[in-house]
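Notes for the one structure printed next.
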Amino acid sequence: MGWSMCGHLIEAGYSITVFNRTISKAQSLLSMGAKLADSPNSLASQSDVVFPIVGYPSDVRHVIFDPNSGALSGLSPGGILVDMTTSEPSLAEEISKAASFINCFSIDAPVSGGDLDA
């Protein structure tokens, strides 16, 4: 989830755990009270809902499907993965099928508009 959206959730009183491949980019959220996970898998294992938003389909595949660190392998049954990356429709279908296989849910919710519209 983007910085702006995550910041609004923190300000509203929600407990947030974040992962960023570049830790310095998460620093402002950490200073607002977010907790830092060391991988998408770790984040997912302590979350009911996961909101990945990364740059490219290859990044989505790594963050969600990597067998050692991917978010999908960390979700508990009933968990929800909301992919906010603007990506390929076929990848959204692949994520949905993989989530269903482990009794989780997937929502394709691409974001555009930048920080001002978040």
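Hydrogens, waters and symmetry mates are skipped; everything else that's a heavy atom, side chains included, is used.
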Subject >> Side-chain touch Met32/Ile16, heavy atoms, less than 4.5 angstrom >> reply: no
Original post:
Between Thr85 and Val63, is any pair of side-chain heavy atoms under 4.5 Å apart?
Top reply: no
**OP:** Please report the C-alpha distance between Met5 and Val111 in whole Å, then the side-chain angles of each, then the deciding distance to 0.1 Å, and finally whether the side-chain contact (heavy atoms from CB on, under 4.5 Å) criterion is met.
**Re:** CA-CA 11 Å; Met5 290 181 280; Val111 171; 4.3 Å; yes
Original post:
Who pairs with Ser69 by side-chain hydrogen bond (donor to acceptor under 3.5 Å, both in side chains), at least two apart in sequence or on another chain?
Top reply: Asp66
Original post:
Considering residues at least two apart in sequence or located in another chain, which fulfil the side-chain hydrogen bond (donor to acceptor under 3.5 Å, both in side chains) criterion with Asn41?
Top reply: Ser73
Inter-residue atom distance [X].[atom1] - [Y].[atom2], 0.5 Å rounding:
X: Ile64; Y: Ser106; atom1: CD1; atom2: OG; result: 7.0 Å
X: Ile95; Y: Glu93; atom1: CD1; atom2: CD; result: 10.5 Å
X: Asn68; Y: Ser39; atom1: CG; atom2: OG; result: 9.5 Å

**OP:** Flag yes if Val60 and Phe65 sit in one hydrophobic cluster, no otherwise; membership is Ile, Leu, Val, Met, Phe, Trp, Tyr, and two members link when side-chain heavy atoms are under 4.5 Å apart.
**Re:** yes
Original post:
Tyr14, Leu36: one ILVMFWY side-chain cluster at the under-4.5 Å cut-off?
Top reply: yes
[X]: partners by side-chain contact (heavy atoms from CB on, under 4.5 Å), with sequence neighbours left out:
X: Ser90; answer: Glu88
X: Ala71; answer: Pro40, Ala44, Val50, Leu81
X: Gln46; answer: Thr17, Ala37, Ser42
X: Val49; answer: Phe51, Ile80, Val82

Original post:
Among pairs that include at least one residue of residues 26-40, which meet salt bridge (charged side-chain N to carboxylate O under 4.0 Å, His left out), considering only residues two or more places apart or in two chains?
Top reply: none
Check: residues 20-29 side-chain donor-acceptor pairs under 3.5 Å, at least two apart:
from	atom 1	to	atom 2	distance (Å)
Asn20	OD1	Thr22	N	2.8
Arg21	NH1	Asp59	OD1	3.2
Ser28	OG	Trp3	NE1	2.4

Quiz: residues 96-105 side-chain donor-acceptor pairs under 3.5 angstrom, not counting sequence neighbours:
none

